[in-house]
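Remarks on the structure that follows.
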There are 2 protein chains.
Amino acid sequence: MNETRSDAAEGDVDTVRTAETLFDVVQRLTENDGATLAELAEELDYAKSTVHRHLQTLEQLGYVVQRDDGYHVGLRFLEVGVTARSSFRGYDLVRQKVEEIAEATGERAQFFVEEHGKAVYLARAAGDQAVRTDPGLGSRIPLYAASAGKAILAELPEPELFDMLERMSFEPVTDHTITDPDELRAEIEAGRERGYFFNREESLRGTHAVGVAICGPDGEVIGGLSVTGPSHRLTGERFESELPDLLLGAANELELNIAHS
Amino acid sequence: MNETRSDAAEGDVDTVRTAETLFDVVQRLTENDGATLAELAEELDYAKSTVHRHLQTLEQLGYVVQRDDGYHVGLRFLEVGVTARSSFRGYDLVRQKVEEIAEATGERAQFFVEEHGKAVYLARAAGDQAVRTDPGLGSRIPLYAASAGKAILAELPEPELFDMLERMSFEPVTDHTITDPDELRAEIEAGRERGYFFNREESLRGTHAVGVAICGPDGEVIGGLSVTGPSHRLTGERFESELPDLLLGAANELELNIAHS
DNA sequence: ATAAGTGTTCGACCATTTCGAACGATGATC
DNA sequence: GATCATCGTTCGAAATGGTCGAACACTTAT
């Protein structure tokens, strides 16, 4: 099929170096919120003056805040991130549906989209527990380790799917994670027939999940919806039939609503 | 050439120019999601190649995504923004409380924090309407135009308050917005006695609000909590006594819970 | 008073960003 | 099926601007 691809595989295309150091600072700041200038310079191995200049720039632009206890990432990231989130079609509708599903099943429901070959959490709701904030909002897991991720993969057009599988590194998340491309391929095929996908302790030990894809009016995949719970509770009929049916119904309704929005 | 360095706070401190152009791109991308390279270069008045390089860098770092219909801001902003949000003490507790208040009052409840001299939405919940997403999450309004903003100002130590008032530009949001520093000062004093603050169509026509401050265990202000609603519904006893009491109770409880967390 | 911890400034070196024009790829129009 | 319009991409030359390290200023603890 394709052959002229190898050259772009690893070559760092020409890139703005300064931006890398800038986001290094941001990155370190998220991992070590409230860090001081000296700490950051030390950890990043840049000159203090360099880090200082970047922090000052970031602060002036609103992306960093300096308080008495050190530097913090600013809420402008949240502002931008929220617009990024709402740029997904039907996000509001999906969010409501996620909460409905959580309530109906008593389990945790979540919605992912694909970005840069990973599954990114966009919404999550818990059935039983008090309404807790979404801790991992925006966090990423490999597509092949999530039921919703597999559902997304299965809806991709063949060439894109091929590319994506090519680029995957298949690092295990748990000892049940699929690490064989052929095995993943087979599961995608199987799930395509059924319309729903499973995750048996592949992303978290002791946790099962069922997932389905959400597609837009033109057939393009928007994201994936899944229900997660303890493996002892997600089993048998409920796991293999009831929850899938519920999800398929939800997906269907969602897709209709999205198409008419 | 010699620089006349006005040692006041006015001068542009030395700043990473490249970062400015980079965030110019990001900014434009949030305002015009899905823009093409040519559009961005045109609107920003940079060379196409320059914008291209920045976009490529941003994409490689995960902060921008290129889809068939153009470039989009990436969800990494959301990821970073969420950590910024949860770096505020007691955010989870506050969020729950906001939802409780919305449910109890049937009106809209919201939580702000101060950043860069503005009030930033961190949480919002609506009582009546279906659970809708927070549209303006991360968005900013002037402190002096929000009841919760005034509450925050009133809790600041005098020197900081002074500085902040100095820097304020007092641009009106509606025709009821306070634009006179002395008037604001007076309202802050008055509210300090009472413990709560009002907003009478100062941020949105036809809308009233009551707000209180939330403080941490050391007396430092964390943010402000407020209830908003149509001015015809927020009036009389309910507006000037019931809601304030409710909010003061909520703040009190919150502060206790936060102190013990 | 001293010391250790902040953040801040400065000038010289040289890395790197910027620009514009030309290229290649894709899709629309006639 | 050829031509035009648009899109993203590449390239080298010129100068803009980022990096470094040492020294400064400031606050708090010893």
Side-chain angles (χ1 to χ4, degrees), chain A residues 2 4-5 7-9 11-26 28-29 32-61 64-72 157 159-160 163 218, chain B residues 1-26 28-29 32-61 64-72 157 159-160 163 218:
Chain A
N2 281 316
T4 59
R5 168 169 287 106
D7 44 37
D12 277 338
V13 268
D14 88 359
T15 165
V16 183
R17 280 299 237 268
T18 312
E20 291 177 16
T21 75
L22 186 141
F23 283 110
D24 277 351
V25 174
V26 171
R28 236 352 165 274
L29 216 45
N32 185 3
D33 199 78
T36 75
L37 168 62
E39 281 171 14
L40 290 169
E42 159 77 13
E43 292 171 11
L44 293 165
D45 202 41
Y46 291 127
K48 269 201 308 182
S49 54
T50 302
V51 177
H52 174 66
R53 214 151 87 91
H54 279 281
L55 285 172
Q56 201 150 301
T57 308
L58 282 165
E59 169 156 40
Q60 193 168 311
L61 295 170
V64 152
V65 183
Q66 181 178 14
R67 282 195 278 270
D68 359 337
D69 60 333
Y71 289 93
H72 299 263
E160 289 183 36
D163 279 8
D218 303 328
Chain B
M1 47 186 89
N2 54 26
E3 233 80 71
T4 52
R5 178 183 1 271
S6 52
D7 34 22
E10 192 269 334
D12 278 338
V13 267
D14 91 358
T15 165
V16 183
R17 276 292 165 74
T18 313
E20 291 177 15
T21 74
L22 186 140
F23 282 110
D24 277 352
V25 173
V26 172
R28 236 349 165 273
L29 216 46
N32 186 3
D33 199 79
T36 76
L37 169 61
E39 281 172 14
L40 290 169
E42 160 77 13
E43 293 171 11
L44 293 165
D45 202 42
Y46 291 127
K48 268 199 309 182
S49 53
T50 303
V51 177
H52 174 66
R53 214 152 85 90
H54 279 281
L55 285 171
Q56 201 149 303
T57 308
L58 282 164
E59 170 157 39
Q60 192 168 312
L61 294 170
V64 152
V65 183
Q66 181 177 15
R67 282 196 276 270
D68 358 338
D69 59 334
Y71 289 92
H72 300 263
E160 288 183 36
D163 279 10
D218 304 326

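In what follows, chains carry the letters A, B, and so on, assigned in the order in which the sequence lines appear, proteins first and then strands, with residues in each chain numbered from 1.
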Margin query: Does either side chain, that of A:Glu20 or that of A:Thr15, offer a donor lying less than 3.5 Å from an acceptor on the other one?
Written below: yes
Margin query: Could you tell me how far apart A:Leu37 (CG) and D:dG21 (C1') are, to the nearest whole angstrom?
Written below: 14 Å
Notebook entry, point to check: In a check of salt bridge (charged side-chain N to carboxylate O under 4.0 Å, His left out) between A:Arg28 and each of A:Glu43, A:Glu39, A:Glu42, which one passes?
Noted result: A:Glu43
Notebook entry, point to check: Roughly, in whole Å, what's the span from CG in B:Leu55 to C1' in D:dT9?
Noted result: 12 Å
Notebook entry, point to check: Can a side chain N or O of A:His54 be found less than 4.0 Å away from OP1 or OP2 on D:dG18?
Noted result: no
Item checked: Length of the line joining A:His72:NE2 and C:dG7:P, which is rounded to integer Å -> 11 Å
Check: A:Leu40 has an atom CG; how far is it from atom P of C:dT8, in whole Å?
Finding: 13 Å
Checklist line | Nucleotide nearest A:Gln66 when distance is taken to its side chain, options C:dT18, C:dG7, D:dC20 | finding: C:dG7
Check: In this structure, are over 12 heavy atoms from other groups packed under 6.0 Å from A:Asp69 atom CG?
Finding: yes
Check: 5'-most contact on DNA chain C: A:Thr18 or A:Thr36, nearest heavy atom basis?
Finding: A:Thr36
Item checked: Between C:dG7 (P) and A:Glu42 (CD): distance, integer Å -> 14 Å
Check: Can you tell which of D:dA22, D:dT10, D:dG18 lies closest to the side chain of A:Ser49?
Finding: D:dA22
Checklist line | Distance, rounded to the nearest Å, where A:Glu20 contributes CD and C:dT16 contributes C1' | finding: 12 Å
Margin query: Among C:dT17, C:dT8, C:dC19, which nucleotide has an atom closest to any side-chain atom of B:Tyr46?
Written below: C:dC19
Note to self: Check this for me: B:Arg67, atom CZ, are more than 12 non-hydrogen atoms of other residues, nucleotides or ligands nearer than 6.0 Å?
What the structure shows: yes
Next item on the list: Determine, stepwise, if the pair B:Leu58 / A:Phe23 fulfils side chain to side chain contact (heavy atoms under 4.5 Å, CB included).
Entry: CA-CA 9 Å; B:Leu58 282 164; A:Phe23 283 110; 3.6 Å; yes
Note to self: Without decimals, in angstroms, what is the distance between A:His52 NE2 and D:dG21 C1'?
What the structure shows: 15 Å
Next item on the list: Select from A:Glu39 and A:Ala19 the residue whose nearest nucleotide in DNA chain C is closer to the 5' end of that strand.
Entry: A:Glu39
Check: For D:dT19, does OP1 or OP2 lie under 4.0 Å from any side-chain N or O of A:Arg53?
Finding: no
Check: Counting side-chain heavy atoms from CB outward, which of C:dT8, D:dG8, C:dC19 is closest to A:Lys48?
Finding: C:dT8
Item checked: Atom-to-atom span, CG of B:Asp69 to P of D:dG8 - whole angstrom -> 11 Å
Next item on the list: Kindly point out which of C:dT18, D:dC20, C:dG7 is positioned nearest to the side chain of B:Thr50?
Entry: C:dT18
